[in-house]
Amino acid sequence: MSRIHEALKRAEQDRAAAQGVQVASGQTEEVPSIPAVSGEAPAISAVPTISNRFSYETLLARCTPGHWSPDKKTMLFYNSEQGPGTEEFRTLRSRLYQMREKQPLKKVLVTSSLPKEGKSFVAANLAQAMVRQQGRRVLLMDADLRAARLHLALGTALTPGLSEYLRGEADEFGIMQRGAMENLFFVPAGRSTSNPAELVANGRLPLLLSRVESLFDWIVIDSPPAVPVSDAGVMANHCDGVLMVVRSNTTPSDMARKARAEFDDKLLLGVVLNGIKRGSEYGRYYSGYDRPDEKAEVPR
C-alpha cells in the first residue's frame, strides 16, 4: 500500500508542476505567470508572490511610513477640515455610500474625457474625505502610467510603484506607501513605460486588486483620460464603478458623451462637475457654508 501511496503522490506532484502550481504540506496555491510585455525587459518570474491570507497587521509591518509634503492648495483636507471644497467631497462620499447600499462598491475608478479636467484632484480628495471617517482605510492608486501626478500632489516618491508591480519587479507591499494621514495608503504610478496599454492589460492589475481588496474599505484609482487612450476602459473591467470628471465651461460636450460611451451603464456611478467658480449658483451655496468672503475658484 505504501508504494501505491507514493506513486499517487508523485503523480499528483508531477501534474501540479505541469499546471504551474506548487504542492506543499498537502495544499496547493496558484503561482500566477507574468507574461513578458513587448518593448519592456522580460518579466521577472522569481518575484515572491503573497497569498490572499494576510492581515492588516502584516500590511502595517511591511509598509513603512514615509514623509509626505502635500501640496496644500490642492490637497484640501491637509489644509483645513472646513476649507473651500471640503464639503463637496463629503457630499460625494455620502452619495457613494448610498450607492453601496444597493450594489457592491469598493473599487472606484476616477477618469475624465480629456487631460486637465481634474480627475487626479478629485481622486486624491475623495480618498482623503473617506479616511476622515473613523476607522475607514483607503488605498489611493495612481494608475495613470502616461502622466502621473498624484505623487506630486502628495509630495512623495514616484517609485517603486504600479509599473514595477506590473512588470513583476516588486510585490504588493513593496509599492505601497503610507504617510501622516492615518489609514490613507498610496500606490504611485512608478517609472515611465513605453507601452502602458500593454502593461495595464497583462493580467497583473486584477491580481493586485484581489490581493489587497480585503484590507481596505475603499480603493480609489486615478486612471488616464478615457477618450485619447484605452487604459481606462481596460481598468474599469476590474472595478465596481466609474466616476467621470468634467470641467465646468471647459469640457466639450461631444467629448464628454464619447467618454461616457466607453463604460457600461452599470459601471457609471455619476459625473463630478469640477472647477466651479465661487460666483456661480453652486459656488455661492458652498462658499456660504465654508468661507463667506471666499471668492476664488475651487482648486483642481
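Hydrogens, waters and symmetry mates play no part in the numbers below; they use all other heavy atoms, side chains included.
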* Asked: How far does OG of Ser113 sit from NZ of Lys258, to the nearest 0.5 angstrom?
  -> 10.5 Å

* Structure fact -> Under a side-chain separation threshold of 4.5 Å, the hydrophobic residues clustered together with Val227 are Leu114, Met255

* To do: Apply the test side-chain contact (heavy atoms from CB on, under 4.5 Å) to residues Leu207 and Arg204: give CA-CA distance (whole Å), side-chain angles for both, the deciding distance (0.1 Å), then the verdict.
  => CA-CA 5 Å; Leu207 175 66; Arg204 291 275 287 175; 3.5 Å; yes

* Asked: Looking at side-chain heavy atoms only, is the closest gap between Val246 and Ser112 below 4.5 Å?
  -> no

* **Exercise: identify the closest heavy-atom pair between Leu109 and Cys239** => CB-SG, 4.0 Å

* Enumerate the residue pairs fulfilling ring-ring contact (aromatic ring centres under 6.0 Å, His included) with a member in residues 211-237, sequence neighbours excluded, ordered by first and then second residue. => Tyr97-Trp218, Phe185-Phe216

* To do: Could you tell me which residues satisfy side chain to side chain donor-acceptor pair (under 3.5 Å) with Thr111, sequence neighbours excluded, listed by chain and number?
  => Ser223

* **Minimal non-hydrogen separation, Ala123 against Val220, with atom names** => O-CG1, 3.7 Å

* What do the steps show when you test Leu243 against Leu92 for side-chain contact (heavy atoms from CB on, under 4.5 Å), and what is the final call? -> CA-CA 10 Å; Leu243 280 176; Leu92 177 58; 4.3 Å; yes

* To do: Would you check if Leu96 and Arg93 make a side-chain contact, meaning some heavy-atom pair closer than 4.5 Å?
  => no

* Asked: Do Leu105 and Leu269 have side-chain heavy atoms sitting under 4.5 Å apart?
  -> yes

* Asked: Going through the checks in order, is the side-chain hydrogen bond (donor to acceptor under 3.5 Å, both in side chains) test met by Thr91 and Arg95?
  -> CA-CA 6 Å; Thr91 300; Arg95 297 289 184 268; 5.9 Å; no

* To do: Quick one: closest heavy-atom pair of Ile175 and Pro188, and the distance?
  => O-CD, 3.4 Å

* Can you tell if the side chain of Leu166 reaches within under 4.5 Å of the side chain of Leu145, non-hydrogen atoms only? -> yes

* Taking only residues two or more places apart in sequence or in another chain, which ones pass side chain to side chain donor-acceptor pair (under 3.5 Å) with Asn249? -> none

* Kindly work out whether a path of hydrophobic side-chain contacts (I/L/V/M/F/W/Y, heavy atoms less than 4.5 Å apart) joins Val242 to Val229. => no

* **side chain to side chain donor-acceptor pair (under 3.5 Å) partners of Asp222, counting only residues at least two apart** => Lys119, Ser120

* **Nearest-0.5 Å distance that lies between atom OG1 in Thr193 and atom CZ in Arg167** => 4.5 Å

* Residue pairs involving residues 225-238 (criterion side-chain hydrogen bond (donor to acceptor under 3.5 Å, both in side chains); sequence neighbours excluded) -> Arg146-Asp231

* List for me each residue that meets salt bridge (Lys or Arg N to Asp or Glu O under 4.0 Å) alongside Asp142, sequence neighbours excluded, and say none if there are none. => none

* To do: Assess whether side-chain contact (heavy atoms from CB on, under 4.5 Å) is satisfied between Leu139 and Ile221, documenting all intermediate values.
  => CA-CA 8 Å; Leu139 175 63; Ile221 304 173; over 6 Å; no

* Asked: Where is the tightest heavy-atom contact between Ile276 and Leu273, given as atom of each residue plus distance?
  -> CD1-CD2, 3.7 Å

* Asked: Considering residues at least two apart in sequence or located in another chain, which fulfil the salt bridge (Lys or Arg N to Asp or Glu O under 4.0 Å) criterion with Lys106?
  -> none

* What residues, two or more places apart in sequence or in another chain, satisfy salt bridge (Lys or Arg N to Asp or Glu O under 4.0 Å) together with Asp254? -> none

* When you look at CD of Glu213, are more than 12 heavy atoms from neighbouring residues, nucleotides or ligands closer to it than 6.0 Å? -> yes

* Hey, does Lys266 have a side-chain heavy atom less than 4.5 Å from the side chain of Gln103? -> no

* Could you note down all residue pairs passing salt bridge (Lys or Arg N to Asp or Glu O under 4.0 Å) where residues 127-140 supplies at least one of them, sequence neighbours left out? => Glu81-Arg132, Arg136-Asp217

* **Side-chain heavy atoms of Glu117 within contact of Asn274, under 4.5 Å** => no

* To do: To the nearest 0.5 Å, tell me how far Leu59 CG sits from Leu215 CG.
  => 5.5 Å

Can you give each donor-acceptor pair under 3.5 Å made by side-chain atoms of residues 149-160, sequence neighbours left out, with the distance rounded to 0.1 Å?
| residue | atom | partner | partner atom | Å |
| --- | --- | --- | --- | --- |
| Thr156 | OG1 | Trp68 | NE1 | 3.4 |
| Thr156 | OG1 | Gln177 | OE1 | 2.5 |

* Gly275 and Ser248: which non-hydrogen atoms are nearest, and at how many Å? -> O-CB, 3.9 Å

* CZ of Arg90 to CD of Glu88: how many Å apart, nearest 0.5 Å? -> 10.0 Å

* Contact check, side chains of Val272 and Val110, non-hydrogen atoms, under 4.5 Å -> no

* Closest non-hydrogen atom pair between Asp171 and Tyr165, with its separation -> C-CD1, 3.8 Å

* To do: For residues Thr58 and Phe173, determine if any side-chain heavy atom of one lies less than 4.5 Å from a side-chain heavy atom of the other.
  => yes

* Asked: Roughly how far, to the nearest 0.5 Å, is the CE atom of Met141 from the CE atom of Met235?
  -> 9.5 Å

* Can you list the residues that meet the salt bridge (Lys or Arg N to Asp or Glu O under 4.0 Å) rule with Glu164, with sequence neighbours excluded? -> Arg191

* Asked: Distance from Glu262 atom CD to Arg257 atom CZ, nearest 0.5 Å?
  -> 14.5 Å

* Please walk me through it: do Phe89 and Phe121 pass ring pair (Phe, Tyr, Trp, His ring centres under 6.0 Å)? -> CA-CA 11 Å; Phe89 281 103; Phe121 168 75; 5.6 Å; yes

* Please step through side-chain contact (heavy atoms from CB on, under 4.5 Å) for the pair Val138 and Asn183, ending with a clear verdict. => CA-CA 6 Å; Val138 179; Asn183 291 332; over 6 Å; no

